[in-house]
Amino acid sequence: QVQLVESGGGLVQAGGSQRLSCAASGRTFSSYTMGWFRQAPGKERAFVAAIGWNGGSTYYADSVKGRFTISRDNAKNTVYLQMNNLKPEDTAVYYCAAPDRRYTSAYYYRKGEYDYWGQGTQVTVSS
């Protein structure tokens, strides 16, 4: 059973930074692409970023490109999302996600391409 546990959310001022972590367990973490999604109130869950199994490829939503960085530490079974220059529109619940299949790159941004989800962590950016 794959388990994903996010942490690191909270309240931050606009322009500030925050780092989210997602600890994975239940299978060989290093073999799988990992993704981050977010869901703002009243909106659909949306893709944020993804990273390939060895960290060699990354992919970002246009709305966060240049401000967010996804990374992973396979020795710690953890994926990170470093968020800089945060804006009020980044306010959302952030979810870590993992697929059941072994993808060869990070170019996977559809919710249906991911099978396992964490419980989410709230990020609130005040103006």
Side-chain angles (χ1 to χ4, degrees):
Q1 181 76 12
V2 175
Q3 288 192 319
L4 304 172
V5 179
E6 303 96 337
S7 60
L11 177 65
V12 62
Q13 286 191 329
S17 298
Q18 203 158 37
R19 188 175 83 155
L20 305 182
S21 300
C22 171
S25 62
R27 68 177 182 189
T28 305
F29 173 78
S30 60
S31 298
Y32 296 87
T33 293
M34 296 292 293
W36 283 99
F37 288 72
R38 67 186 181 186
Q39 188 166 15
K43 294 190 175 181
E44 294 282 324
R45 192 170 298 190
F47 171 76
V48 175
I51 186 166
W53 65 275
N54 64 352
S57 63
T58 57
Y59 183 57
Y60 296 93
D62 288 343
S63 58
V64 307
K65 203 173 294 182
R67 299 188 298 123
F68 290 12
T69 302
I70 188 172
S71 62
R72 66 191 297 160
D73 185 339
N74 285 344
K76 295 182 178 179
N77 290 352
T78 301
V79 61
Y80 305 97
L81 185 68
Q82 177 66 43
M83 306 184 292
N84 298 330
N85 191 21
L86 282 160
K87 304 176 181 180
E89 51 264 42
D90 294 318
T91 295
V93 177
Y94 283 72
Y95 297 91
C96 176
D100 209 22
R101 292 142 285 180
R102 295 186 183 186
Y103 297 142
T104 57
S105 73
Y107 191 65
Y108 292 91
Y109 57 90
R110 299 178 180 88
K111 288 179 294 184
E113 293 168 326
Y114 293 84
D115 303 283
Y116 304 102
W117 297 84
Q119 82 289 349
T121 185
Q122 176 72 47
V123 173
T124 303
V125 184
S126 63
S127 56

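Sequential numbering from 1 along the given sequence is applied to the chain's residues. The structure presented is a predicted model; accordingly, all values stated were derived computationally and were not measured.
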Do you reckon Y94 sits in the same ILVMFWY cluster as Y108, going by side-chain contacts under 4.5 Å, direct or chained? no

If I compare all heavy atoms of Y60 with all of I70, which pair ends up nearest, and what's the gap? OH-N, 2.9 Å

Euclidean distance, K43 NZ relative to R38 CZ, rounded to 0.5 Å: 8.5 Å

Scanning both residues in full, the closest heavy-atom pair of G52 with A106 reads N-CB, 3.5 Å

What distance do N74 atom CG and M34 atom CE have between them, rounded to the nearest 0.5 Å? 9.5 Å

Roughly how far apart are L81 CG and T121 OG1, rounded to 0.5 Å? 11.0 Å

Do L20 and M83 have side chains that approach each other closer than 4.5 Å (heavy atoms only, starting at C-beta)? yes

Quick check: does any side chain N or O of T28 sit under 3.5 Å from a backbone N or O of S30, one acting as donor and the other as acceptor? no

Determine, step by step, whether R101 and Y32 satisfy the side chain to side chain contact (heavy atoms under 4.5 Å, CB included) criterion, reporting the C-alpha distance in whole Å, the side-chain angles of both residues, the deciding distance to 0.1 Å, and the verdict. CA-CA 7 Å; R101 292 142 285 180; Y32 296 87; over 6 Å; no

I need the minimum non-hydrogen distance between V93 and Q122, along with the two atoms involved. CG2-OE1, 3.2 Å

Rounded to the nearest 0.5 Å, what separates atom CZ in R27 from atom CG in N77? 10.5 Å

What are the two closest non-hydrogen atoms of P99 and E113, and how far apart are they? CB-O, 3.4 Å

I'd like to check R72 versus F29 (side-chain heavy atoms, cut-off strictly below 4.5 Å). Are they in contact? yes

With a 4.5 Å cut-off on side-chain heavy atoms, are L11 and S126 touching? yes

Between T78 and K76, is there a donor-acceptor pair closer than 3.5 Å when you use the side chain of the first and the backbone of the second? yes

Min side-chain heavy-atom separation T104-W53 under 4.5 Å: no

Are Y109 and F37 near enough that their ring centres are under 6.0 Å apart? no

Report yes or no: do V12 and F68 belong to one cluster of Ile/Leu/Val/Met/Phe/Trp/Tyr joined by side chain heavy-atom distances under 4.5 Å? yes

Can you tell me which residue among S21, C96, C22 is in a side-chain contact (heavy atoms from CB on, under 4.5 Å) with Y80? S21

OH (Y116) and CD (Q3) are apart, to the nearest 0.5 Å, by 11.5 Å

Given side chains that start at C-beta, do those of E6 and Q119 come closer than 4.5 Å, heavy atoms only? yes

Can you see which heavy atom on S127 is nearest to which on A14, and at what distance? CA-CB, 4.2 Å

May I ask you to test the Y95-V48 pair for a side-chain heavy-atom distance under 4.5 Å? no

Verify the cluster assignment for W36 and W117: are they in a single hydrophobic cluster under the rule of side-chain heavy atoms below 4.5 Å apart? no

Could you walk me through whether V123 and T91 pass the side chain to side chain contact (heavy atoms under 4.5 Å, CB included) test, one step at a time? CA-CA 5 Å; V123 173; T91 295; over 6 Å; no

Minimum side-chain heavy-atom gap T33-I51 below 4.5 Å: no

Trace of the salt bridge (Lys or Arg N to Asp or Glu O under 4.0 Å) decision for D90 with K87: CA-CA 5 Å; D90 294 318; K87 304 176 181 180; over 6 Å; no

Report the C-alpha separation of F47 and Y59 in whole Å, then their side-chain angles, then the decisive distance to 0.1 Å, and conclude whether the ring-ring contact (aromatic ring centres under 6.0 Å, His included) test is met. CA-CA 10 Å; F47 171 76; Y59 183 57; 5.5 Å; yes

Full working for side chain to side chain donor-acceptor pair (under 3.5 Å) between N84 and S17: CA-CA 4 Å; N84 298 330; S17 298; 2.9 Å; yes

Looking only at atom types and distance, does a side-chain atom of N85 sit under 3.5 Å from a main-chain N or O of R67, one as donor and one as acceptor? no

Looking at every non-hydrogen atom in both residues, tell me the closest pair between G10 and Q18 and how far apart they are. N-NE2, 3.4 Å

